[in-house]
Amino acid sequence: MKAISIRDLSSGYGGDPVIRDISFDLEEKELLAILGPSGSGKTTLLKTIAGFLPAQSGLIKLDSQVVSSPQKIVPPEKRNIGLVPQEGSLFPHLDVSANISFGIRRNPKKTQRVAELLEIIDMKEYAHARPQELSGGQQQRVALARALAPTPKLILLDEPFTAMDTSLRAQMRRDIRNILTLTATTAIMVTHDQEEALATADQLAIMQDGRLIAFGTPHELYEKPASQDVASSLGEVNAIPATVESEHSVNTELGTFVARIMGDAVLGQHGIVLVRPEALTIEETDSPNAKITGSVFHGHDSTVTVSTNSGMVLKVRESQQHDRVPGTLCAVKVLREGIFLK
Ligand code: ADP
């Protein structure tokens, strides 16, 4: 069953639409990450789904009911949607239990529901703590429990981990994912962090300039991007001029190698082949095709920049530490299948 269906949606702040022609479906219990650079329209889409902005055209259905169209707008409080804002959204004068029960204050079963949620977020012993006594990660778990208390159909998370440091973010991603799975909740999370989106989501929506440029599973979009923009939204990628040589191979300055030919490209077609930095390797050789120009150490790996004989700049990821001296001649080779695009 579809939890949410969006068709040809355009929306904005009164003038020209900020987001245009958005269409996708999300199944129940799935987590969708909306990924895109700042200003691409992610928050505008989230606000339109929540009912804070009207649809200028198109429609949004929740559980098969139209909640937004140019003729209709169901108000946010009638949508059965839970919101988890960025950090710092808890009521400081209320303890953890009172924060969680805020949206179900008049429900006779609220004590039982709060106990259940404290268990799920693994914070039973903090029931009477104040928000300011909690870490950032604990505060966000409470904010999620507060949003889950009325058993919403859908949870919207707006950059929920922005203010956290890297190791806490990774832990929080796992926690939030587990809590959503345990409660069988459908969720949509906005993020500008590709790693977060790839690691957390069942489905990914990539936005650029107010449009949806890709929708699919993290694997599909990473392995078979439909454009260079989609590929580079999910991590660094080299775009190498190429010609289709056979059904499964392309010819490039680096030689002939295996590639997935996308779309209706024919033999002899000119285009580009996308190759991730981790799919390239550097060898010292008597017949070089490139020169090392720089190297950046990241701890778990390094990125080496090379310039090919024709002057093309490529990035190569190396997981083992080598001493790469700028100016050294080398041979760059392709280890894995590339993606050919017209
Ligand atoms: P993102 O969440 O991807 O950073 P937003 O949805 O916040 O992007 O913004 C998309 C565009 O909408 C931006 O160009 C921004 O200037 C514009 N915008 C955002 N908020 C408002 C507003 N309240 N009024 C008018 N324009 C806005």
Side-chain angles (χ1 to χ4, degrees), residues 4-24 26 30-60 62 67-70 73-77 79 81-89 136 140 143-144 147 154-164 166 169 172-173 176 186-216 218 221-222 225-236:
I4 178 165
S5 290
I6 297 187
R7 286 290 167 277
D8 306 320
L9 178 72
S10 298
S11 151
Y13 300 87
D16 287 343
V18 164
I19 54 168
R20 291 164 193 271
D21 304 327
I22 309 279
S23 297
F24 65 80
L26 187 65
E30 285 192 321
L31 170 60
L32 168 69
I34 304 176
L35 178 69
S38 182
S40 57
K42 306 181 296 294
T43 306
T44 305
L45 175 56
L46 211 67
K47 283 182 181 163
T48 312
I49 294 171
F52 296 118
L53 293 173
Q56 287 172 269
S57 60
L59 54 85
I60 302 175
L62 291 176
V67 291
S68 293
S69 76
I73 178 158
V74 174
E77 67 279 9
R79 290 189 177 212
I81 286 179
L83 289 176
V84 181
Q86 296 182 0
E87 263 188 291
S89 67
Q140 277 310 70
L144 179 58
L154 179 67
I155 288 272
L156 303 179
L157 304 112
D158 188 4
E159 304 245 15
F161 322 120
T162 340
M164 296 176 192
T166 318
R169 282 175 87 103
M172 273 310 287
R173 289 204 287 262
I176 298 262
T186 313
I188 301 181
M189 176 178 86
V190 159
T191 178
H192 61 264
D193 182 332
Q194 69 208 29
E195 202 183 310
E196 192 154 286
L198 287 170
T200 324
D202 300 305
Q203 300 288 339
L204 258 181
I206 301 182
M207 299 217 33
Q208 190 180 55
D209 298 333
R211 292 183 191 270
L212 187 67
I213 60 164
F215 189 95
L221 301 190
Y222 193 84
S227 71
Q228 190 175 347
D229 284 343
V230 173
S232 49
S233 312
L234 297 174
E236 280 185 314

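Every number for a ligand or one of its atoms is a count from 1 in the order of the listing. The analysis underlying the following values was restricted to heavy atoms, covering all of them including side chains, and did not include hydrogens, waters or symmetry mates.
- A donor-acceptor pair under 3.5 Å links the side-chain atoms of Lys42 to the main chain of Gly36, judged by distance alone.
- Look at Gly36 and you'll find every heavy atom at least 4.0 Å from all atoms of ligand 1.
- Screening Thr48, Leu59, Leu62, Ile60 against Ile6 for a side chain to side chain contact (heavy atoms under 4.5 Å, CB included) leaves a single residue, Ile60.
- When the options Leu35, Ile206, Leu198 are evaluated for a side chain to side chain contact (heavy atoms under 4.5 Å, CB included) with Leu221, the one that passes is Ile206.
- Between Val18 and ligand 1, not a single N/O pair is under 3.5 Å apart.
- At the shortest separation from atom 22 (C) of ligand 1 among protein heavy atoms lies Tyr13 CD2, 3.4 Å.
- Remark: distances from the non-hydrogen atoms of Gly12 to ligand 1 are all 4.0 Å or more.
- Listed for the Gln203 side chain is no donor-acceptor partner under 3.5 Å among the backbone atoms of Pro218.
- For the side-chain hydrogen bond (donor to acceptor under 3.5 Å, both in side chains) test, residues two or more places apart in sequence or in another chain that qualify with Arg79 are Ser68.
- Protein heavy atom closest to atom 8 (O) of ligand 1, with residue, atom name and distance, is Gly41 N, 3.2 Å.
- Residue contact check: Pro37 has heavy atoms under 4.0 Å from atoms 3 (O) of ligand 1.
- Among all protein heavy atoms, the one lying closest to atom 2 (O) of ligand 1 is Thr43 OG1, 2.6 Å.
- For ligand 1, the atoms sitting less than 4.0 Å from at least one non-hydrogen atom of Thr44 are 5 (P), 6 (O), 9 (O), 10 (C), numbered in the order shown with element in parentheses.
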Going through the checks in order, is the side chain to side chain contact (heavy atoms under 4.5 Å, CB included) test met by Leu9 and Leu45? CA-CA 9 Å; Leu9 178 72; Leu45 175 56; 4.0 Å; yes
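- Side-chain atoms of Gln56 come within 3.5 Å of backbone atoms of Gly15 as a donor-acceptor pair (strictly under, hydrogens ignored).
- Proximity of atom 16 (O) of ligand 1 to the protein is not indicated, since no non-hydrogen protein atom lies closer than 4.0 angstrom.
- The protein heavy atom nearest to atom 1 (P) of ligand 1 is Gly39 N, 3.4 Å.
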